[in-house]
Amino acid sequence: MLKDATAIVGIGQTAFAKHLPESEKALACRAILAALDDAGIDPSEVDGFASYTMEETDEVEVAKAIGAGDVTFFSKVGYGGGGSCATVGHLAAAVATGQASVGVAWRSRKRGSGPRPWKNTAAQLPTPGQWTRPFGLLRPADEIGMLARRYMHEYGATRDHLFNVALACRNRANQNPAAIMYERPLTREMYMTSRWISEPLCLFDNCLETDGALACVIVSAERARDCRQKPVYVHSAAQGLPAQHHGMVNYWNDDPLSGPAWTAARHLWKQADFGPQDVDVAQIYDAFTPLVPLSLEGYGFCGRGEGAAFTEGGALEIGGRLPLNTGGGGLSEAYVHGFNLINEGVKQLRGSSTAQVPDAATCLVTAGEGVPTSAILLRA
């Protein structure tokens, strides 16, 4: 069992911006070294790495650059946003089973100043893309836009519900000096009159495009007690890939609105000592606003079709039913494939967030809904 056997003891990040001059490798190394310094661990002690398959840097170059010792465990997790929490899960398993003693997970990305993957028309389309892109679903926003329209049609969700998500994230970013949207308020009028990106998704339903990097350090629970920072324990971890899944559109699934979150959630809660009702704060993947109500349902905070209504009455704000994305999330802090949600979860349970939930002791962090996903439960 992995329950509370390991802890996150260090977190680090670079600045976030539309354009940063450094390479992705340099950004990755800065974030990793910052996380190790936060933990009080020398880089020579690092013997485990985990990253995303979409990460352009690799453990070979990173290990040399930071001065790691012999590396005994390394893994890469499939997909972009869906891989974030799984990097922590893989390292927790490696440390708990003795394959590594000091693990580092990271994500470095120059999406703000870099190219868009779907612009490369010369590349051979993967199988899912052959059934979507020729018919106009070129970007992730187009695919999620189609799911959002179906969700609105079936359950009566409205743009006001999506605005509730965007506003909660922006309000928290307004408190976070590291956020790209710091001190940049969002109003309902701004939201409702903004340009379409892929109807029904407007500008503020879409995540930021960001340059930046983040990292975290994982060690055994025993060692964590001697580290510089308060340990944040990895209580449960899970990945999810439902039967007959087909990318973000879920064409071949019997129920396209029951995405990978539902599969990950069953395994996540099965291993845990507490349930959704006991979660003090959540960091829910928000590349697009509709992913939040879908995830609220998938992870059991409300019933099927109730995710939109759940957002009403300030439920997602500090003091609400489920405060979420307290650093601003991908919508308003930075979009680095969800890794900032992991670090923000750690800050909440340390008591050091810029939008601190009083006495927060449990936190759910999720990766991208709509693609093969992952999630972790953190405990103070």
J.: Quick one: OG1 on Thr289 to CG on Leu162, what's the gap to the nearest 0.5 Å?
T.: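 Reported to 0.5 Å precision, the distance equals 4.0 Å.
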J.: Between His90 and Thr87, does any side-chain donor sit less than 3.5 Å from a side-chain acceptor?
T.: no
J.: Verify the distance criterion only: is there a donor paired with an acceptor across the side chains of Asn325 and Glu344 at less than 3.5 Å?
T.: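 Checked: Asn325/Glu344 side chains show no N/O donor-acceptor pair below 3.5 Å.
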J.: Any luck finding a side-chain donor-acceptor pair between Asn253 and Gln244 under 3.5 Å?
T.: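 Distance-only check fails for Asn253 and Gln244.
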J.: Nearest heavy-atom pair of Ser332 and Leu208: which atoms, and what distance?
T.: C-CD1, 3.6 Å
J.: Return the SG to CG distance between Cys302 and Leu296, rounded to the nearest 0.5 Å.
T.: 5.5 Å
J.: With rounding to the nearest 0.5 Å, note down the distance linking NE2 in His19 to CG in Asp211.
T.: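 Rounded to the nearest 0.5 Å, the NE2-CG separation comes out at 7.0 Å.
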J.: Please answer whether the main-chain N or O of Gly212 pairs with a side-chain N or O of Thr14 as donor and acceptor at a distance below 3.5 Å.
T.: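 A pair under 3.5 Å: no.
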J.: For the residue pair Trp106 and Phe49, categorise the inter-ring angle as parallel (less than 30°), tilted (30 to 60°) or perpendicular (more than 60°).
T.: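 Ring orientation, 0 to 90° scale: perpendicular.
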J.: To the closest 0.5 Å, what do you measure between CG (Asn343) and CD1 (Ile8)?
T.: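 CD1 of Ile8 is found 7.5 Å from CG of Asn343.
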J.: Got a list of side-chain donor-acceptor pairs under 3.5 Å for residues 28-37, not counting sequence neighbours?
T.:
residue	atom	partner	partner atom	Å
Arg30	NE	Glu22	OE1	3.4
Arg30	NE	Glu22	OE2	2.4
Arg30	NH2	Glu22	OE2	3.0

J.: Using only heavy-atom distances, determine whether the side chains of Asp160 and Thr158 contain a donor-acceptor pair under 3.5 Å.
T.: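 On atom types as modelled, these side chains do not qualify, holding no pair under 3.5 Å.
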J.: Using the ring-ring contact (aromatic ring centres under 6.0 Å, His included) rule, collect all pairs that involve residues 168-205, keeping only residues at least two apart or in two chains.
T.: Phe163-Tyr191
J.: Decide if the gap between the ring center of His337 and the ring center of Tyr335 is smaller than 6.0 angstrom.
T.: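 That pair passes the under 6.0 Å test.
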J.: Going by the rule ring-ring contact (aromatic ring centres under 6.0 Å, His included), which residues pair with Tyr151 if we only count those two or more places apart in sequence or in a different chain?
T.: Tyr155
